Amino acid sequence: MAKVKYIEFDGTEHVVEVQNGLSVMEGAVRYTIAGIEGDCGGACACATCHVYVDESWVGKLPPMEELERDMLDFAFDVKENSRLSCQIKVDDKLDGLVVRTPARQY
């Protein structure tokens, strides 16, 4: 398990333990974290789980695949550290990961 810190757009913080093998999006949905919808259930088909990965973690995540990059075109206010949380699988190496939610999701 890894502790993941979710920071809502308004600054509200949630630190939760997410089981290895689940995605960061699945952890957010399980703990009802506002701002991460995951409408497609993690199929990388909607961009409603868009997050900003804390700068200190960007280089520690697996690289983004082309499908994720394409889906980010549909997200609001994409930045260099934008990722789809459904594409980030949790394992022990992600203990302490910090993600922030954007102002809105599409």
Side-chain angles (χ1 to χ4, degrees):
M1 284 196 150
K3 288 185 180 177
V4 177
K5 182 187 285 188
Y6 299 89
I7 304 174
E8 295 178 36
F9 181 73
D10 68 2
T12 303
E13 296 184 6
H14 308 271
V15 177
V16 299
E17 288 191 347
V18 180
Q19 185 176 9
N20 289 351
L22 294 180
S23 69
V24 172
M25 182 273 301
E26 289 171 310
V29 170
R30 186 168 285 183
Y31 289 100
T32 319
I33 307 297
I36 299 178
E37 302 298 324
D39 289 344
C40 72
C44 197
C46 71
T48 62
C49 66
H50 172 220
V51 295
Y52 303 119
V53 175
D54 188 84
E55 293 294 333
S56 65
W57 281 93
V58 170
K60 298 175 185 176
L61 297 179
M64 189 182 317
E65 294 188 12
E66 186 176 341
L67 179 59
E68 180 181 0
R69 189 175 319 282
D70 290 345
M71 285 310 304
L72 278 170
D73 287 341
F74 299 100
F76 176 74
D77 198 22
V78 174
K79 301 179 181 179
E80 288 291 317
N81 60 333
S82 287
R83 292 293 301 261
L84 296 181
S85 60
C86 70
Q87 298 303 295
I88 303 170
K89 294 294 181 193
V90 172
D91 63 28
D92 291 338
K93 292 181 272 185
L94 295 187
D95 189 46
L97 175 66
V98 178
V99 297
R100 291 173 172 76
T101 61
R104 66 180 185 193
Q105 301 279 15
Y106 280 111

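From a predicted model like this one, the values you see are computed outputs, not experimental measurements. The analysis underlying the following values was restricted to heavy atoms, covering all of them including side chains, and did not include hydrogens, waters or symmetry mates.
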request  = Quick one: closest heavy-atom pair of Ala45 and Met71, and the distance?
outcome  = C-CE, 3.3 Å
Sequence neighbours left out, cut at 3.5 Å: what donor-acceptor pairs do the side chains of residues 26-34 make with other protein atoms?
from: Glu26; atom 1: OE1; to: Ser23; atom 2: N; distance (Å): 2.7
from: Glu26; atom 1: OE1; to: Ser23; atom 2: OG; distance (Å): 3.4
from: Tyr31; atom 1: OH; to: Glu17; atom 2: O; distance (Å): 3.2

Please set out all donor-acceptor pairs under 3.5 angstrom arising from side-chain atoms of residues 95-102, sequence neighbours excluded.
from: Asp95; atom 1: OD1; to: Lys3; atom 2: N; distance (Å): 2.8
from: Arg100; atom 1: NH1; to: Asp54; atom 2: OD1; distance (Å): 3.0
from: Thr101; atom 1: OG1; to: Phe9; atom 2: N; distance (Å): 3.0

key: In one Ile/Leu/Val/Met/Phe/Trp/Tyr side-chain cluster, 4.5 Å: Met1, Leu22   = no
key: Point-to-point distance, once rounded to the nearest 0.5 Å, from CG of Asp39 to SG of Cys46   = 5.0 Å
query = Same cluster or not: are Val51 and Val58 linked, directly or through other Ile, Leu, Val, Met, Phe, Trp or Tyr residues, by side-chain heavy atoms under 4.5 angstrom apart?
reply = yes
message = Is the shortest side-chain heavy-atom distance between Leu72 and Leu84 below 4.5 Å?
response = yes
query = Distance from Ser85 atom OG to Glu37 atom CD, nearest 0.5 Å?
reply = 10.5 Å
remark   = CD (Gln105) and CG (Asp77) are apart, to the nearest 0.5 Å, by 11.0 Å
key: Residue list, side chain to side chain contact (heavy atoms under 4.5 Å, CB included) with Asp73, at least two apart or on another chain   = none
request  = Only counting residues at least two apart or in another chain, list the ones meeting salt bridge (charged side-chain N to carboxylate O under 4.0 Å, His left out) with Glu13.
outcome  = Lys5
remark   = So the side chain to side chain donor-acceptor pair (under 3.5 Å) pairs with at least one residue in residues 57-71 (sequence neighbours excluded) are Glu68-Arg83
task = Answer with yes or no whether the hydrophobic clustering places Met64 together with Val53; edges join I, L, V, M, F, W, Y residues whose side-chain heavy atoms lie under 4.5 Å apart.
result = no
ask   = What is the minimum heavy-atom distance between Val24 and Tyr6, and which atoms define it?
value = O-OH, 2.8 Å
task = State plainly whether one hydrophobic cluster holds both Leu61 and Val4, where clusters connect Ile, Leu, Val, Met, Phe, Trp and Tyr through side-chain heavy atoms under 4.5 angstrom apart.
result = yes
Exercise: identify the closest heavy-atom pair between Tyr52 and Phe76 = OH-O, 3.9 Å
ask   = Which pairs, with at least one residue in residues 42-52 and sequence neighbours excluded, count as a salt bridge (Lys or Arg N to Asp or Glu O under 4.0 Å)?
value = none
Heavy-atom closest pair, residues Ser82 and His50 = OG-NE2, 2.8 Å
Residue pair Leu94 / Ile88, side-chain heavy-atom distance below 4.5 Å = yes
